[in-house]
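Okay, so here's the structure we're looking at.
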Amino acid sequence: MSKSSSVYLYGKKGFSFVIQEEKNNLPKWTESNLKKTQTIKKLVCGGGFHFLVWKKPNKLEFYEKGNKKRKYQLPKNETIKDIASSHHTYQILTESGKVWSLADKNHSNEVPLLDADQSTFEKIRPVTFFEEKKLFVNSLVMSSGSGYYLCNGGQLYASGSNARVSLGFGKCSGNQTMPVYVQDKVSKIFSGLSTLNFFFITSKPDLLYACGRSEILTVSSSLRHSILITNKGQTFGCGYWRFNGNGDKKNIFTLIPQLKEKKAVQLAIGRRRTLVLTDQNELYGWGFDKNLYPTDESNQNNQYPSKISLPSFFTNYLDSKDMIQIASGSYSSFLYLDFKNILSKDLRILFETKKFCDCEIGTLGNQIPVHKKIIECRTKLTIDQIQNKLFVEKSINKEQTLNFLKWIYYDEISDLEKLEQTFNLLELTFPPSVDNTLEKDISQLYKDNDSKDFKILVKIDHEDEEDEEEKEKEKVNYEEIPVHKFILYARSGLFREMFDNINEKDNLNQVQDYTNKSIESLEILIKYFYTNSIELTADQDPELIVDELSDAVEYYQLNDQCNLENQLNIIKKQYDLN
């Protein structure tokens, strides 16, 4: 990882590093050979050529100069809550309120709360100070050789380098940890790259110490400038003229004109450059030096924010449910995608279990079971066409086939170059258009009633029948809801358990629903399985639907509880049901 490159991280279920290279004064995006296969929760840059990747729920990987050096895993009963970094230290906060440390012993004079036996990034160790004091740590921030820790009861502690008594607890030497006196109860803490840049928001009322009043979303700083974003998305800067976003020296926070009409949601600062992300997933940057920052044109006025275009293979997999995450270090900047698409996680289950596969693709001895309708809806080609183009005209190997199928089922790109080659063989456009997303393709299957191979039977009550004897004599009637077995298997734990415990030789193709819910609610839920959205018609009772679907989350054992609850909350607001 050289100083002349800006490294971007593209992530989903898998991710790969992408390096910006200068050619004719314009960036060219190329993929490096680093590939991983798990979801990224957060990436944190240290002060040198290293960074730490957090993978759910308690796994970490350490990289130095672009190469993975080692893996770490916390005890099973510990779940990571947040990570912060100094130049040569990473500290990990867990949900239990404990703090853990990864540090470079060679720079122990810059490392707060470093145990004496800590070796160079080799082991992850608990920090014992807070346990001894019986303190529960709610949040932590770190800067150059220093750290702040907000504990239970609003108590604030600081440790590490106290150069120029900047930590707020008077003169002291060494890496002592001491309480910091703040007049009002502290509610949030922020830090920048410099020891001199720590910020507190207190309960009276969102007062940013030393910087004035504002409803602050986040604030960060570098050696020469500070940037903050308010809760309304406005971006303010102060400090050195080349880096504060305003183009002239500002000793107080001033609104940055170029971002006045934009709603900022994220902020990342390196030594000389700043990234701001808007709610529309637009990326703006400024303060960069030649060859050290991605830009779309040779920008001589680099002290002002300019929009940064992202590579097409990155943006084609981004929709309204996804969120770009940004990070910045001394010599590199990172982007990665936080994918909210629960459908892809469910279909991964289907792909891995191979349940209800109805055909195969591949060559003799390397056939892979697949679901015909999923393959055809994703590619707009028939299985026969795919088989002919990939394995008759051009024989591709099993690894390349699996690479292609991972994209089909859950949008994972484990090898971008090989995936593009497969698309070319199939005479498909690569990257796929925004209309060719996983959700949009699977939603088309909802309309394909001819291929649905399963029926849910819902009992119809004869409420208008006055004569009880006649009602009992009346033959029980059911209304049928057609659905694909593989959709039920992927989306509902209840049906997954049912199908796993039934012998497929029994050829089960229907089941009675015993929930005593209205057929309207069940139909909406089944459509949701395909589309990830809830839609009501004018003749449906929104209060009844919301009530019944709220119960359905637990009964049908849905994986995407948060997404469904979000949709129900929108309906509640729309119909004033709160």
Side-chain angles (χ1 to χ4, degrees), residues 343 346-347 349-350 353 355-359 371-374 376-377 439-465 468 470-560 564 567-568 571:
L343 179 61
D346 288 344
L347 290 182
I349 295 172
L350 187 66
T353 62
K355 193 76 172 181
F356 303 127
C357 289
D358 52 4
C359 63
H371 301 83
K372 180 179 178 181
K373 295 308 298 185
I374 293 181
E376 293 183 345
C377 82
E439 285 195 359
K440 288 183 178 179
D441 288 337
I442 295 299
S443 68
Q444 296 301 311
L445 287 178
Y446 178 73
K447 304 172 185 177
D448 187 5
N449 286 324
D450 292 340
S451 67
K452 291 176 179 176
D453 54 357
F454 193 77
K455 296 173 184 175
I456 298 177
L457 307 180
V458 183
K459 185 177 178 180
I460 301 174
D461 289 328
H462 299 275
E463 296 179 357
D464 56 343
E465 186 67 58
E468 288 295 326
E470 289 297 323
K471 188 175 180 179
E472 290 179 5
K473 293 178 182 178
E474 185 74 29
K475 183 180 179 181
V476 177
N477 288 328
Y478 293 95
E479 189 154 341
E480 300 176 348
I481 303 178
V483 66
H484 293 92
K485 282 183 186 177
F486 60 75
I487 288 291
L488 291 177
Y489 188 88
R491 301 290 270 156
S492 166
L494 175 71
F495 282 105
R496 188 155 53 248
E497 184 177 352
M498 182 190 76
F499 287 133
D500 282 340
N501 291 314
I502 291 177
N503 192 328
E504 289 191 25
K505 292 181 179 178
D506 294 340
N507 195 26
L508 180 70
N509 60 11
Q510 64 183 33
V511 66
Q512 183 176 343
D513 181 68
Y514 299 100
T515 58
N516 292 322
K517 305 300 181 186
S518 66
I519 189 168
E520 289 86 356
S521 295
L522 190 54
E523 286 176 333
I524 290 171
L525 182 65
I526 296 302
K527 185 175 182 180
Y528 172 81
F529 285 170
Y530 289 87
T531 65
N532 259 3
S533 63
I534 297 174
E535 299 174 0
L536 302 185
T537 60
D539 60 337
Q540 291 174 328
D541 181 352
E543 188 169 6
L544 175 67
I545 299 298
V546 168
D547 182 57
E548 293 189 345
L549 288 184
S550 297
D551 295 338
V553 173
E554 183 176 356
Y555 180 81
Y556 287 104
Q557 301 173 37
L558 308 185
N559 298 329
D560 56 348
L564 182 59
Q567 302 253 345
L568 295 178
I571 295 175

In Å and rounded to the nearest 0.5 Å, what is the [atom1] to [atom2] distance from [X] to [Y]?
X: I374; Y: I442; atom1: CD1; atom2: CD1; answer: 5.0 Å
X: K373; Y: D450; atom1: NZ; atom2: CG; answer: 8.5 Å
X: D551; Y: Y556; atom1: CG; atom2: OH; answer: 11.0 Å
X: E376; Y: Q444; atom1: CD; atom2: CD; answer: 14.0 Å
X: Q540; Y: I545; atom1: CD; atom2: CD1; answer: 5.0 Å

Locate the shortest heavy-atom distance separating [X] from [Y]; write the atom from each residue and the value.
X: P542; Y: I571; result: CB-CG2, 4.4 Å
X: N449; Y: K452; result: OD1-NZ, 2.9 Å
X: R496; Y: A490; result: NH1-O, 3.3 Å

Are the side chain of [X] and the backbone of [Y] linked by a donor-acceptor contact shorter than 3.5 Å?
X: S492; Y: L488; result: no
X: D358; Y: K372; result: yes
X: D453; Y: K485; result: yes

Quiz item: Just wondering, more than 12 heavy atoms not from E497 lying within 6.0 Å of its CD?
Solution: no

Quiz item: Are there more than 12 heavy atoms of other residues, nucleotides or ligands under 6.0 Å from atom CD of E543?
Solution: no

Self-check item: Pair F454 and F499, ring centroids less than 6.0 Å apart
Solution: yes

Self-check item: Worked check of side-chain contact (heavy atoms from CB on, under 4.5 Å) between F495 and V483
Solution: CA-CA 12 Å; F495 282 105; V483 66; over 6 Å; no

Practice problem: Would you please name every residue forming a salt bridge (Lys or Arg N to Asp or Glu O under 4.0 Å) with K455, sequence neighbours left out? | Solution: E480

Quiz prompt | Non-hydrogen side-chain atoms of F486 and L445 separated by less than 4.5 Å | solution = yes

Only distances under 3.5 Å count here; give the side-chain donor-acceptor pairs of residues 519-526 to other protein atoms, sequence neighbours excluded, each with its distance to 0.1 Å.
| from | atom 1 | to | atom 2 | distance (Å) |
| --- | --- | --- | --- | --- |
| S521 | OG | S518 | OG | 3.0 |
| S521 | OG | E548 | OE1 | 2.5 |

Practice problem: Is it possible for you to check whether R491 lies under 6.0 Å from the centre of the six-membered ring of Y528, through NZ or CZ, and within 45° of that ring's axis? | Solution: yes

Self-check item: Under the ring-ring contact (aromatic ring centres under 6.0 Å, His included) test, residues paired with Y530 that sit two or more places apart
Solution: Y446, H484

